[in-house]
Enquirer: 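Below are the structure tokens for one structure; questions will follow.
These numbers come from the heavy atoms of this one structure, side chains and all, not from hydrogens, waters or symmetry mates. Keep in mind it's a predicted model, so treat the numbers as computed, not measured. Residue numbering restarts at 1 for every chain, and letters A, B, ... go by the order of the sequence lines.
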Amino acid sequence: MSTRNFVGIRLERKKEASLLNWNLKRPYTPERVRISLPATAYPCVHVGNNVQTGQKIADPVGPGCATVHSSMEGVIEKIAIFPDATGGESMTVEVRRQGDPKAPATFENVRKNWEILKEEELLDIFQNSGIVTTDALMQPVHAKIKKNEQHPTLIINGCEPEPYVTCEQVLAMAHPLEILKGAEILKKTTRANQILFVFEDCNLELVELFKSKIYFLKWEHVKVRTVPAVYPQGHETTLLQRWFSGKEDQAIVFPASTAFAVYEAVVHQKPFYERVLTVGGECVIEPRSLWLPLGISFRDAIHTCKGVMREPQKVIMGGPMAGTAQENLEVSVMAGTNAILALPKEVIRDKAEEPCIRCGACVDMCPVSLSPAMITLAAEHGEFELAEKWDVSACIECGNCSYVCPSKRPMLKWIRKAQAEMAQTALPKSQKNHEYAS
Amino acid sequence: MNTHLKTLSPHIRSRDSVAKRYWGLTLASVPVFVAVILGGQAGALRVLLFSIISAVAFDFLGAKILFKKERVNNGEAVLSATLLTLLLPRNCPFEIAVFGIFLAVFVVKELFGGTGSYLFHPVLAARIFLQMSFPGFFENSGMILEEKSALWILGGLLVSGVAVISQKNNREIPLFYIMISLLCVLLFHSGMESLTVLNWIFFTAFFLLGDSVAMPLTRKGTRIFVLGAALLNFFFEAKGFSMAAAGYAILLMNALTPWLDVMMKPAAYRAKIHLKATYP
């Protein structure tokens with residue numbers, strides 16, 4: 001294993017603030033939730049219908065999509081297209097609460113015989129409980145598993161290389177056994193031979209906790225491994241690169257919180273309608289990780305953490321390295337939202353762009369061995385094919401190059417532009433559309 | 001409804017900056033100047049003063065004439081002035097220094113595209129042009145870094161070297177250069193004054209190779225660049241060249257840089273499953 005696999009930046013982690021409030025609370029229901037549906041789901045409720053917590057509100061259209069469930073008890077107010085937090089627009093179901101805030105619903109009923117369910121039954125449960133991966137890609141779990149006949153290794157990812165974000169860590173500390181059982185259920189469906197739990201090497205208490213649980217369970221097919229706590233080591237791609245370089249289809253990666261959602265869906269018959277996420281950043285009064293219903297607006301989510309103490313310059317969905325900045329706070333929490341961060345001006349440190357001095361820092365720090373300086377120069381001059389010759393399409397958009405650049409060049413912007421342009425030229429002529437968002 | 005900044009990721013940036021790099025290198029040269037004064041060459045300070053003033057002026061005016069944004073604040077002009085002063089002969093008239101600065105800052109740097117775009121190391125190119133223009137003067141007078149006060153300057157250079165090497169991102173190049181050069185000198189030493197040789201090796205390693213613009217991007221490419229520069233330098237010296245040998249070696253390797261960049265293109269990691277870290 002070459003040292004190239006360990007490329008990463010040791011960022012300031014800034015996780016202490018949200019770890020101070022370590023207990024996972026479930027706040028009372030908000031006034032409204034806006035649940036955005038994936039493109040392949042169709043709403044099966046009408047405006048004015050009463051819905052219960054966890055009730056199905058959208059059916060999957062194809063086999064590659066999961067159902068969507070209401071995250072709150074209330075009345076359907078609108079079914080319309082709203083802007084979502086990823087920057088696009090999507091069909092959205094708005095549920096409004098009737099009456100006073102209520103305590104969130106609980107699902108205590110244990111499914112009978114859940115331990116002897118078969119693969120197909122489990123995959124059906126995944127689809128009908130609306131479980132999607134809780135990372136940025138938000139793939140339906142059953143579809144991700146069905147892509148391959150067999151995945152010899154199942155990786156449960158408990159790493160959070162991004163600063164501020166602590167949701168996986170807090171959830172794994174609070175519910176290790178549930179995550180282990182969820183991983184066991186996932187192992188059955190993926191036909192895996194072994195399970196790898198991956199944590200960052202600085203989260204030693206998490207590593208020890210899981211090692212001790214695995215020891216007492218006497219599960220010899222489960223192993224705990226660590227990766228260095230540098231960004232982006234711990235992202236799905238880098239985990240596959242680290243241990244399965246060249247044979248990535250031999251392994252399948254799920255975040256630890258997805259394993260927990262699987263456990264709850266299979267054992268407690270609870271659909272996927274809420275997730276643990278971190279509300280943090282220097283501007284939030286009480287930064288913490290907590291359970292929030294999907295569809296709660298960013299404004300309500302920050303309000304649940306006692307609001308902001310000063311006006312943030314940026315509000316970000318996800319971590320500060322790969323997240324998406326939000327213009328307004330009416331957008332809602334999605335399945336892949338692992339954090340809502342309100343960052344002040346001095347953390348953002350926006351500076352004017354300068355010419356590249358070819359220092360090579362971006363080349364040193366690229367986890368997939370690209371030459372971002374060259375790609376950026378090519379893209380700036382409109383030479384998108386030259387950018388492709390320098391492997392722009394292999395970029396995983398981790399943002400390391402833009403972070404380290406001493407000239408503060410917006411490398412990732414140009415890389416995305418080149419990728420969009422190459423995707424356009426790959427299309428047949430009739431579908432060409434030269435207006436893309438930069 | 002309050003609106004916040006909506007820009008693309010990443011939303012945080014490192015504290016590194018171009019100005020920090022250039023001013024850092026300029027500051028690292030202070031011990032050398034202290035050593036120059038202690039070695040009895042206080043006249044160099046007058047040349048330095050003229051160089052700095054003219055460098056800032058040429059940088060500013062050059063950018064204005066060519067309708068570009070002036071970047072005097074990033075310290076590149078001052079760094080060029082500092083390095084050129086140290087490369088001049090003792091008791092150099094300031095007109096020659098100002099002419100050299102004009103060549104370095106305006107001709108070689110600004111006319112070739114300004115910060116980050118030039119092909120050859122501006123200071124070395126200017127220094128070699130000066131030597132070709134005034135061959136008699138340059139051959140008959142000793143350099144600032146040589147002979148009389150060489151021991152003082154060696155001390156200054158070592159202090160500077162510690163300052164340069166204490167920064168993590170410019171550790172590899174100087175050490176690699178020093179290693180190869182010392183090896184060459186030890187193996188094939190050809191009757192040169194050893195103290196002067198050491199001074200030139202250290203000065204090249206810490207200051208002349210600190211300019212990343214005309215050097216390759218990748219580590220591999222940089223290593224080949226440094227190896228080539230060291231070997232060529234030694235080869236020229238052995239053939240009886242003057243102390244511009246280091247300059248010729250680096251300029252020749254500068255010319256090879258675009259080729260090295262393409263040849264040493266890193267092999268990209270292409271996963272079978274291509275996943276992005278950002279939201280779709």
Enquirer: Out of B:Thr218, B:Val262, B:Leu217, return the one with the most heavy atom pairs under 4.5 angstrom to chain A.
Expert: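 Of the options given, most contacts go to B:Leu217.
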Enquirer: Might you confirm whether atom CD of A:Glu12 has over 12 heavy atoms from other residues, nucleotides or ligands at distances under 6.0 Å?
Expert: no
Enquirer: Whether B:Glu76 and B:Lys109 form a salt bridge (side-chain N of Lys/Arg under 4.0 Å from carboxylate O of Asp/Glu) is what I want to check.
Expert: yes
Enquirer: Using non-hydrogen atoms and a 4.5 Å limit, figure out which bit of A:Ile357 sits close to chain B: side chain, backbone, both or neither.
Expert: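 Contact with chain B is through both the backbone and side chain of A:Ile357.
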Enquirer: Suppose we call two aromatic rings close when their centres sit under 6.0 Å apart. Are B:Phe58 and B:Phe106 close by that rule?
Expert: no
Enquirer: Without hydrogens or angle criteria, can the side chains of A:Gln250 and B:Lys272 be said to hold a donor-acceptor pair below 3.5 Å?
Expert: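 Their side chains do not contain a donor-acceptor pair, so the 3.5 Å distance test is not met.
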Enquirer: What part of B:Arg71 gets within 4.5 angstrom of chain A, counting heavy atoms only: side chain, backbone, both, or neither?
Expert: side chain
Enquirer: Can A:Ser36 and A:Asp84 be counted as having a side-chain donor-acceptor contact under 3.5 angstrom?
Expert: no
Enquirer: Report the option among A:Gly336, A:Ala373, A:Gly88 that has the most heavy-atom pairs separated by less than 4.5 Å from atoms of chain B.
Expert: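 The option with the most such pairs is A:Gly336.
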Enquirer: Test A:Glu388 against A:Ser393 for side chain to side chain donor-acceptor pair (under 3.5 Å), laying out the working first.
Expert: CA-CA 7 Å; A:Glu388 179 51 40; A:Ser393 58; 3.1 Å; yes
Enquirer: Checking heavy atoms, do the side chain of A:Pro163, its backbone, both or neither come under 4.5 Å from chain B?
Expert: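 For A:Pro163, the side chain is the part near chain B, not the backbone.
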Enquirer: Is A:Met138 in contact with chain B via its backbone, its side chain, both, or neither, using a 4.5 Å heavy-atom distance?
Expert: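 For A:Met138, side-chain heavy atoms alone lie under 4.5 Å from chain B.
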Enquirer: Is it the backbone or the side chain of A:Asn338 that comes under 4.5 Å from a heavy atom of chain B, or both, or neither?
Expert: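 Both backbone and side chain.
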Enquirer: Go through the steps to decide whether A:Thr133 and A:Asp135 satisfy the test side chain to side chain donor-acceptor pair (under 3.5 Å), and finish with yes or no.
Expert: CA-CA 6 Å; A:Thr133 55; A:Asp135 54 15; 2.9 Å; yes
Enquirer: To the nearest 0.5 Å, what is the distance between CG on B:Leu8 and NZ on A:Lys413?
Expert: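 It is 7.5 Å, given to the nearest 0.5 Å.
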Enquirer: Where on B:Asp261 is there a heavy atom nearer than 4.5 Å to chain A: the side chain, the backbone, both, or neither?
Expert: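 Contact with chain A involves both backbone and side-chain atoms of B:Asp261.
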Enquirer: Between A:Asp350 and chain B, with a heavy-atom cut-off of 4.5 Å, which part of the residue counts as in contact: side chain, backbone, both or neither?
Expert: side chain
Enquirer: Heavy-atom distance under 4.5 Å to chain B: side chain of A:Pro320, backbone, both or neither?
Expert: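 Looking at A:Pro320, backbone and side chain both touch chain B.
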Enquirer: Report the option among A:Pro406, A:Cys398, A:Cys362, A:Ser407 that has the most heavy-atom pairs separated by less than 4.5 Å from atoms of chain B.
Expert: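 Most pairs with chain B among the choices: A:Pro406.
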Enquirer: Give, as side chain, backbone, both or neither, the part of B:Arg21 having an atom under 4.5 angstrom from any heavy atom of chain A.
Expert: side chain
Enquirer: Pick from A:Gly399, A:Gly319, A:Cys359, A:Gly246: which one has the most heavy-atom pairs with chain B under 4.5 Å?
Expert: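 Looking at each option in turn, the highest pair count goes to A:Cys359.
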Enquirer: Please determine, among A:Lys247, A:Arg358, A:Lys408, A:Glu397, the option with the most heavy-atom pairs under 4.5 Å with chain B.
Expert: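 Of the options given, most contacts go to A:Arg358.
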Enquirer: Given a strict heavy-atom distance threshold of 4.5 Å, which part of A:Ile316 is in contact with chain B: side chain, backbone, both, or neither?
Expert: side chain
Enquirer: Is a salt bridge present between A:Glu380 and A:Arg409, judged by a nitrogen-to-oxygen distance below 4.0 Å?
Expert: yes
Enquirer: Under 4.5 Å from any heavy atom of chain B, what part of A:Lys389 do you find: side chain, backbone, both or neither?
Expert: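 Contact with chain B involves the backbone of A:Lys389 alone.
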Enquirer: What residue, out of A:Cys405, A:Ser402, A:Ala85, has the most heavy-atom pairs lying under 4.5 Å from chain B?
Expert: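 Of the options given, most contacts go to A:Ser402.
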Enquirer: Can you measure from CG (B:Leu87) to CD1 (B:Ile128) and round to the nearest 0.5 angstrom?
Expert: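 Taking CG in B:Leu87 and CD1 in B:Ile128, the distance rounds to 9.5 Å.
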Enquirer: Name the region of B:Ala268, side chain, backbone, both or neither, that has any atom closer than 4.5 Å to a heavy atom of chain A.
Expert: both
Enquirer: Could you have a look at A:Ile9, A:Leu343, A:Asp249 and say which one has the most heavy-atom pairs with chain B under 4.5 angstrom?
Expert: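 Most heavy-atom pairs within the cutoff with chain B belong to A:Asp249.
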Enquirer: For atom CZ of B:Phe129, decide whether the heavy atoms of other residues, nucleotides or ligands shown that lie under 6.0 angstrom number more than 12.
Expert: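 No, the 6.0 Å shell around CZ holds no more than 12 heavy atoms from other groups.
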Enquirer: Using non-hydrogen atoms and a 4.5 Å limit, figure out which bit of B:Tyr22 sits close to chain A: side chain, backbone, both or neither.
Expert: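 Just the side chain, heavy atoms under 4.5 Å.
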Enquirer: If only atom types and distance count, is the side chain of A:Gln241 paired as donor or acceptor with the main-chain N or O of A:Pro367 below 3.5 Å?
Expert: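 Indeed, once roles are kept as given, a pair shorter than 3.5 Å links the two residues.
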